[in-house]
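The block underneath contains the structure these notes are about, expressed in structure tokens.
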Amino acid sequence: LLDPDFAHFSRITASPLFGDQFSIRLDARMSDRQTVFVRHSHDGSRAFAPSPSTGNPMAYPSQWTRQSAWTDQSLMGLTSVFRPALVNDFRFSYFFSSTGETAPEEQDCPGCLGIGAPAINIQQSSLFIGNSSSDSNLGRRFHLSDMATWQRSTHRVRFGAEWEYNRGGILGWANEPATLTLWSPAQARQYNIPVPDAFRTIGDILQLPLQSVAVSVGDPRVPQQGGGNVRHWPTARIYVQDTWRIRPGLTANYGLGWSIDRDLNYDLRKPALFEPLLGNDGLGPTRKTWNNFSPVLGLTWAPVGLPKTVIRAGAGIYYEPLSSAGLDAERTTLGPPGFGRQMFAGSSLQNTLAGVPGAPVGASLDFRNTPTLFTGADLLAILPGLRTNLIQGLANADPAVQAIQLTKQASMTGVFPSDYKTSSALHASVGIQREIARDFVLSADFAYRHFVHLTLGGAVDLNHFNSTRGPAIPMCTATQRNDPQAICSRGAIDVQEWEGRATYKGLLLRADKRFSHGFQLLGSYAYSTNKGTNNGNGFNLDNWLQNTGPLDNDFTQIANLAGVARLPWRFELGINFSYASAPPFSAYVGGIDLNGDGTTGDLLPGTTVNAFNRGMGRADLERLVAQFNSTYAGTRDAAGRSIAPLVLPGHYSFGDNFHSLDLRLSRVLAIRETWRATLIGEVFNLYNKANLTGYSGDLTSAAFGQPTSRATQVF
């Protein structure tokens, strides 16, 4: 939903998807003791849709992307029976993936506002148009796995090893030529800055005052450790596990795994510029982790006095594979000037246009606190010169220094601290299962999962550059700007921190009617909570763990009913019904910094993160909005921005539940004695439930409480 100034741009746009899939498998018996299979699968697609890399569901179609994907996997498996009690399974796979995103063209979205324009974001108006990004991702993975199973007396032991070799990565051209954030018309009028009477063209929109800008220059191909421009890394895992039948009705499972992941930059040191943020001990390369041990333990017990009943419990520790996102950006930041693609925030760019009141020559192009008469059009007028100066400055710099010593900022995806931890989780469960009738089983389980060492949803500005208390590293003076040895900053310095945590607790119920009498049914229900640290709106840069509460994927109730019935004439009917309750919801004040930490979008005072639909409702919101208007409206926030009264729309919602009914009808055709063919017809979301999602929580936007997308577009 666009605000009234831009409502006439609203439209319905086609989002086509074309895909093809193919799979073939061959099995052979090599001898009485060995069998082998090979399989090849292909999946290709192309689409025009919102970009999954930006994750903005409110993006206007001119900010969507043309998306292509091509993936292939080849797999070979060999099973060998060395003797009756010893069996070995060997697997080798090769995986290839090529994906890409490019800016849309006129034929993708005829008449779309912003086609061919740079990305222009007007947060408070919920208008996001144009496109300044493209990327490609090319990767290959080779995987070897070998597992042996040995049966001896009451023990069944499994042991094995896996090795993976990965090659490739993402090449991204962001902010090409720039990404602009503009003040909204309502905000400009609030500061008595003239704006066009009506907005009909890109030129009209560019008359709005500039708020901030990001510019990137350089080739994203980055020299890697060991030489070459292609990233490659191995992972390995070894494990042993024993299933011990202690006595009839009592079985124990226990084992230990160890893994090692080498997907970080282990050759990069930080310059002395980072010492105020990381300390002297934190300037070394990221340290390798050798202690990723994964113990597991489980028990299954069938009590003698409770026939047809099984009680089970188990727990284990597991580690998440490291992510390669941001590693090339770190190499660019800590490498020589001119290597890779550097991003420059407006705080490090200087105005070269004379005669603009409030934006003298030499002023930083960062007007996030108060709008001026410097417009988006003014920025585009000087942009070619800015980009040329950035490119020349990096090319002519001393190659013996690190790039960040010149840029004095790192606001792309940040650097990794030397003590960076691998994310891990403790999984535990206890449950009971009982057969209450022939072919009908009920089970109930309590599941607990605790995750630690999670990233905080993105890199954190340890420099606190936009804080009202000033940055941790003093701001550069005019004489320090071009001095590589000066300990000063010109922007945010983001670091990948790992203090995030999350906890899931769930009661899981399941009813399973196995196939008999021509039908089967499976019903499941989960009542759960999922809480943890959030790095979205309301994040407090001065207290990272303060923004703790229900996570966005906290669905209190989830239910599913699936079944298959055999009909006359070899027909089969399949049914699947899914339901999930509404997610939690946060209400925040966009563009406002109440606590002075330098981040905007603070939560509505009196609320906590994702408090709505989790204890707070419409009456609470209306009361707190009235309280906000009497306390804050007409004043200024910590950064000096004027605070306008909040106005709730006539109709709004905190979110919607999800439910969908899918049906499948199939018939088996007999073709001669040894051939069978199956005809399948399917319909998804039979009664066409809208399943709206993406409800905006920005109380300063006309889109507050309005849906911006659907859980699925399928009918």
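One is the number of the first residue; the rest follow in order along the sequence. On a predicted model such as this, the values are computed, not experimentally measured, just so you know.
- Ring centroids of F374 and F367 are separated by less than 6.0 Å, placing the two rings close together.
- A pairwise comparison of heavy atoms in P118 and A178 identifies CB-O, 3.6 Å as the closest pair.
- Between the R710 side chain and the A690 main chain, a donor and an acceptor come within less than 3.5 Å of each other.
- Formation of a donor-acceptor pair under 3.5 Å by the S467 side chain with backbone atoms of G596 is found in this model.
- C488 places a side-chain heavy atom less than 4.5 Å from the side chain of K408.
- Using bins of under 30°, 30° to 60° and over 60° for the plane-to-plane angle, the ring pair H453/W498 lands in the perpendicular bin.
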task = Show the numbers, then the answer: is there a side chain to side chain contact (heavy atoms under 4.5 Å, CB included) between V215 and L349?
result = CA-CA 9 Å; V215 177; L349 302 174; 3.8 Å; yes
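- Checking side-chain atoms of D461 against main-chain N and O of F465 turns up a donor-acceptor pair under 3.5 Å.
- No side-chain donor-acceptor contact under 3.5 Å links Q211 and T181.
- A donor atom on one side chain and an acceptor atom on the other are found under 3.5 Å apart for Q187 and S184.
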| request: Would you check, one step at a time, whether the test side chain to side chain donor-acceptor pair (under 3.5 Å) holds for S348 with Q409? | output: CA-CA 8 Å; S348 64; Q409 62 171 340; 2.7 Å; yes
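- Judged by distance alone, the side chains of N610 and D552 do bring a donor and an acceptor atom under 3.5 Å apart.
- Under the 30°/60° scheme for interplanar angles, the aromatic rings of H450 and Y448 are found to lie parallel.
- The main-chain N or O of Y652 is found under 3.5 Å from a side-chain atom of R618 such that the two form a donor-acceptor pair.
- Relative orientation of the H659 and Y687 rings is tilted, given thresholds of 30° and 60° on the angle between their planes.
- Using modelled atom types and a 3.5 Å distance limit, the side chains of N530 and N553 yield a donor-acceptor pair.
- Between R636 and D593, none of the side-chain N atoms (NZ, or NE/NH1/NH2) sits under 4.0 Å from a carboxylate O, so this pair counts as no salt bridge.
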Worksheet entry | Derivation and outcome, side chain to side chain donor-acceptor pair (under 3.5 Å), residues N560 and S524 | CA-CA 5 Å; N560 197 86; S524 59; 5.0 Å; no
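- For N121 and Q63, the side-chain atoms include at least one donor-acceptor pair closer than 3.5 Å.
- Minimum heavy-atom separation, G523 to L561: CA-CD1, 4.2 Å.
- Note that the CG atom of N540 and the CG atom of D602 stand 8.0 Å from one another [nearest 0.5 Å].
- Aromatic ring orientation, Y60 versus F9: perpendicular (interplanar angle above 60°, classes split at 30° and 60°).
- Residue F577 holds its CZ atom at 8.0 Å from OG of S660, rounded to the nearest 0.5 Å.
- With rounding to the nearest 0.5 Å, the separation of CD1 in I592 from OG1 in T599 is 12.0 Å.
- S126 and S701 share a side-chain donor-acceptor pair at under 3.5 Å.
- Using modelled atom types, one side-chain atom of N685 and one backbone atom of K689 make a donor-acceptor pair closer than 3.5 Å.
- The two residues F555 and P583 make their nearest non-hydrogen contact at CE2-CB, 3.8 Å.
- Side-chain contact annotation: N369 with R641, donor-acceptor N/O pair under 3.5 Å present.
- Taking each heavy atom of Q124 and G591 in turn, the nearest pair found is NE2-N, 3.6 Å.
- Of all non-hydrogen atoms in I317 and L426, the two that sit nearest each other are CG1-CD1, 4.2 Å.
- A side-chain donor from one of S578 and N576 sits under 3.5 Å from a side-chain acceptor of the other.
- The closest donor-acceptor contact from the side chain of R449 to the backbone of A502 lies at 3.5 Å or more, if one exists at all.
- Annotation: the span from L604 atom CG to L699 atom CG amounts to 5.5 Å, rounded to 0.5 Å.
- Remark: the S696 side chain and the D698 side chain contain no N/O donor-acceptor pair separated by less than 3.5 Å.
- For F199 and F6, the ring centers sit closer than 6.0 Å to each other.
- With Q706 contributing its side chain and H651 its backbone, the two residues share a donor-acceptor pair below 3.5 Å.
- For D597 and R469, the salt-bridge test fails: no basic side-chain N is under 4.0 Å from an acidic carboxylate O.
- Although no hydrogens or angles enter the test, the distance criterion places no donor-acceptor pair under 3.5 Å between the side chain of D554 and the main chain of L551.
- Under the 3.5 Å distance criterion, with hydrogens and angles disregarded, no donor-acceptor pair is assigned to the side chains of S132 and N175.
- One side chain, Q190 or S642, offers a donor N or O that lies under 3.5 Å from an acceptor on the other.
- In summary, the side chains of S347 and D366 do not present any donor paired with an acceptor at a separation below 3.5 Å, with no hydrogens or angles considered.
- Heavy-atom minimum distance, F48 versus A14: CD2-O, 3.8 Å.
- Of the N and O atoms on the side chains of D445 and S429, not one donor lies less than 3.5 Å from an acceptor on the other residue.
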Would R189 and D5 satisfy salt bridge (Lys or Arg N to Asp or Glu O under 4.0 Å), going step by step from the backbone distance to the final call?
CA-CA 12 Å; R189 296 184 188 110; D5 285 297; 2.9 Å; yes
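- A side-chain N or O of Q557 and one of Y525 form a donor-acceptor pair less than 3.5 Å apart.
- The backbone N or O of L646 lies less than 3.5 Å from a partner atom in the side chain of N629, making a donor-acceptor pair.
- For Y527, the OH atom sits in a loose shell: 12 or fewer heavy atoms of surrounding residues, nucleotides or ligands are nearer than 6.0 Å.
- The environment of K505 atom NZ is sparse: at most 12 non-hydrogen atoms of other residues, nucleotides or ligands sit within 6.0 angstrom.
- Ring geometry for F612 against F585 counts as perpendicular: the plane angle is over 60°, on a 0 to 90° scale with 30° as the lower cut.
- Looking at E330, its side chain does come within 3.5 Å of a backbone N or O of F416 through a donor-acceptor pair.
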